[in-house]
Trainee: 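What follows is a structure written as structure tokens; I'll ask about it next.
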Amino acid sequence: MSPQGDGNLSMMYLQEFVLDGFEGGLQTQALLFAVFLALYVVAILGNLTMMVVITLDVHLHSPMYFFLKNLSFVDLCYSSVITPKALANFLSSSKVITFEGCVTQFFFFALLGTTEAFLLAVMAYDCFVAICSPLRYPITMHPLVCARLVLVCYCGGCLNSILQASFTFSLPFCSSNHVDHFFCDVPPLLKLACADTTINELVMFGLCGFFIVSTTLVVLVSYGYITVTILRMRSGGGRHKLFSTCGSHMTAVSLFYGTLFVMYAQPGAVASMEQGKVVSIFYTLVIPVLNPLIYSLRNKDVKDALWRLGQRHSAT
């Protein structure tokens, strides 16, 4: 840190932050390390497995599984942006992260989180077209269209991360450099600023609220039409299969959007850091673990693909 006088106010321009993480002694830190490590390993293995299975099995080369493979990739990267540093800090007494490292971690965290929100909305739209307009589905969800939709998701994530990072890290941070969190995020960083953060809070609530509400509307409208269409079907078997497939996606959507709303889209989020830490564990680690399980255990096509891959491996 380098001090610079400004009248009667002595400001400290930070070159590094300290991620305080969770309170507790060595036993608590060791327990948290074990929990984080177990969740991280399961998340990596689960999402890698989904990506490999979808890539190798020709029966899964469809728009739905193309989007699911991208979701698995985002989840894998999403947890990897946060967890390795958190694991290192559990075993360290310094828990220091450089200013540049903090900016980089937050940038990719915001990019991947927003991208996942958009991807879930695109997956809902894909289900809507497949069920409500099956004859137009091959044209509407052409591979080139799917690739463009995924690109739009990443561009939306990049736009949000640039705006959030620019507004947050342009603030003057002074006095303490201790971040009351286990990774660099907007709410705890705003508490370290020695300037009015009203605009920053409005930007955070506005952007996150817009992304969450707009993508949620896409999901709700899509599934509203899907539900009506399924209920009109005469085939009980077809109805059950569609409800099972759509139910997996709705479960993933509810978990992800619910936790994001609690953390970022309501005013009490900034004031409650302890609640924020617990919620953050859920969407940075637990959801990347659950998504592969949700889409594999409740999806017959994925289970069949896993069985065929196992049979092919045992035959060789």
Trainee: Hey, what do you get for OH (Tyr154) to OG (Ser161), rounding to the nearest 0.5 Å?
Mentor: 12.5 Å

Trainee: Is there a side-chain contact between Leu189 and Val179 in this structure, where contact means two heavy atoms from C-beta onward sitting under 4.5 Å apart?
Mentor: yes

Trainee: For Ser79 and Pro84, work out which heavy atoms get closest and say how close.
Mentor: O-CD, 3.9 Å

Trainee: To the nearest 0.5 Å, what is the distance between CZ (Arg136) and CE (Met141)?
Mentor: 12.5 Å

Trainee: Check whether Ile212 and Val203 end up in the same hydrophobic cluster, where Ile, Leu, Val, Met, Phe, Trp and Tyr are linked by side-chain heavy atoms less than 4.5 Å apart.
Mentor: no

Trainee: Going by disulfide bond (SG atoms under 2.5 Å apart), name the residues that satisfy it together with Cys102, two or more places apart in sequence or in a different chain.
Mentor: Cys184

Trainee: Run the side chain to side chain contact (heavy atoms under 4.5 Å, CB included) check on Phe106 and Val186 step by step: do they pass?
Mentor: CA-CA 8 Å; Phe106 173 74; Val186 174; 3.4 Å; yes

Trainee: Quick one, Leu207 and Leu163 - any side-chain contact, counting heavy atoms below 4.5 Å?
Mentor: yes

Trainee: For a side chain to side chain contact (heavy atoms under 4.5 Å, CB included) check, start with the C-alpha distance between Glu100 and Gln15, then their side-chain angles and the critical distance, and finish with the verdict.
Mentor: CA-CA 8 Å; Glu100 294 77 12; Gln15 295 177 356; over 6 Å; no

Trainee: Tell me whether the count of non-hydrogen atoms from other residues, nucleotides or ligands lying under 6.0 Å of CG in Leu151 goes above 12.
Mentor: yes

Trainee: Hey, could you give me each pair passing disulfide bond (SG atoms under 2.5 Å apart) that has a residue in residues 21-101? Not counting sequence neighbours.
Mentor: none

Trainee: Contact between Tyr78 and Ile287 at the side-chain level, heavy atoms closer than 4.5 Å - yes or no?
Mentor: no

Trainee: Write down the atom of Leu68, the atom of Met50, and the distance for their closest heavy-atom approach.
Mentor: CD2-CE, 3.4 Å

Trainee: Below 4.5 Å, heavy atoms only, C-beta onward: do Asp304 and His59 meet side chain to side chain?
Mentor: no

Trainee: Of all the heavy-atom pairs spanning Ala193 and Leu171, show the shortest one and how long it is.
Mentor: CB-CD1, 3.9 Å

Trainee: Check whether any side-chain heavy atom of Cys194 lies under 4.5 Å from a side-chain heavy atom of Phe173, and answer yes or no.
Mentor: no

Trainee: Is the number of heavy atoms from other residues, nucleotides or ligands under 6.0 Å of Ile139 CD1 greater than 12?
Mentor: no

Trainee: How about Phe256 and Tyr283: are their ring centres within less than 6.0 Å of each other?
Mentor: no

Trainee: Which atom pairs, donor and acceptor, lie under 3.5 Å between side-chain atoms of residues 115-129 and protein residues at least two apart or in another chain?
Mentor:
from	atom 1	to	atom 2	distance (Å)
Thr115	OG1	Leu111	O	2.6
Glu116	OE2	Asn291	ND2	3.4
Asp126	OD1	Tyr137	OH	2.6

Trainee: Answer yes or no: does atom NE2 of His61 have more than 12 heavy-atom neighbours from other residues, nucleotides or ligands under 6.0 Å?
Mentor: yes

Trainee: Quick one: pull up CZ in Phe33 and CD in Gln29 and give me the separation to the nearest 0.5 Å.
Mentor: 11.5 Å

Trainee: Parallel, tilted or perpendicular, judged at 30° and 60°: which one describes the rings of Phe99 and Phe17?
Mentor: parallel

Trainee: Run the numbers on Asp20 and Lys95 for salt bridge (Lys or Arg N to Asp or Glu O under 4.0 Å), then give the verdict.
Mentor: CA-CA 7 Å; Asp20 287 341; Lys95 302 184 179 182; over 6 Å; no

Trainee: Transitively linked via ILVMFWY side-chain contacts under 4.5 Å: Leu159 with Val81?
Mentor: no

Trainee: Looking only at non-hydrogen atoms, find the nearest pair between Phe183 and Leu19 and report the distance.
Mentor: C-CD2, 3.9 Å

Trainee: To the nearest 0.5 Å, tell me how far Ile97 CD1 sits from Lys85 NZ.
Mentor: 5.5 Å

Trainee: Is Ser94 close to Val18 at the side-chain level, that is, under 4.5 Å between some pair of heavy atoms?
Mentor: no

Trainee: Going by the angle between their ring planes, with limits at 30° and 60°, are Phe90 and Phe36 parallel, tilted or perpendicular?
Mentor: perpendicular

Trainee: Which is it for Ile281 and Phe22 under the side chain to side chain contact (heavy atoms under 4.5 Å, CB included) test, yes or no, and what are the steps along the way?
Mentor: CA-CA 11 Å; Ile281 294 174; Phe22 297 89; 3.4 Å; yes

Trainee: For the CG atom of Asn160 and the CE atom of Met204, what is their distance to the nearest 0.5 Å?
Mentor: 11.0 Å

Trainee: Could you pull out the closest heavy-atom pair between Val150 and Phe66, with the gap in Å?
Mentor: CG2-CE2, 3.5 Å

Trainee: Does any non-hydrogen side-chain atom of Phe182 lie less than 4.5 Å from one of Thr284?
Mentor: yes

Trainee: Using 4.0 Å as the upper bound for N to carboxylate O, is an ion pair formed by Lys191 and Asp180?
Mentor: no

Trainee: If hydrophobic clusters are built from ILVMFWY residues whose side chains come within less than 4.5 Å, do Ile44 and Val35 share one?
Mentor: yes

Trainee: Going from CG on Asn200 to CZ on Phe169, what distance comes out if it is rounded to the nearest 0.5 angstrom?
Mentor: 11.0 Å

Trainee: What I want to check is whether the side chains of Gln164 and Thr168 have a donor and an acceptor closer together than 3.5 Å.
Mentor: no

Trainee: With hydrophobic residues grouped by side-chain heavy-atom distances under 4.5 Å, do Leu39 and Val74 end up in a single group?
Mentor: yes

Trainee: Verify side chain to side chain contact (heavy atoms under 4.5 Å, CB included) between Asn177 and Glu16, making sure each step is shown before the conclusion.
Mentor: CA-CA 7 Å; Asn177 66 337; Glu16 61 185 30; 4.2 Å; yes

Trainee: Between Phe107 and Ile162, what is the shortest heavy-atom contact and its length?
Mentor: CE1-CG1, 3.7 Å

Trainee: Can you tell me if Phe282 has over 12 outside heavy atoms packed within less than 6.0 Å of its CZ?
Mentor: yes

Trainee: With side chains defined as the heavy atoms from C-beta onward, is the minimum distance between Tyr65 and Val53 less than 4.5 Å?
Mentor: no

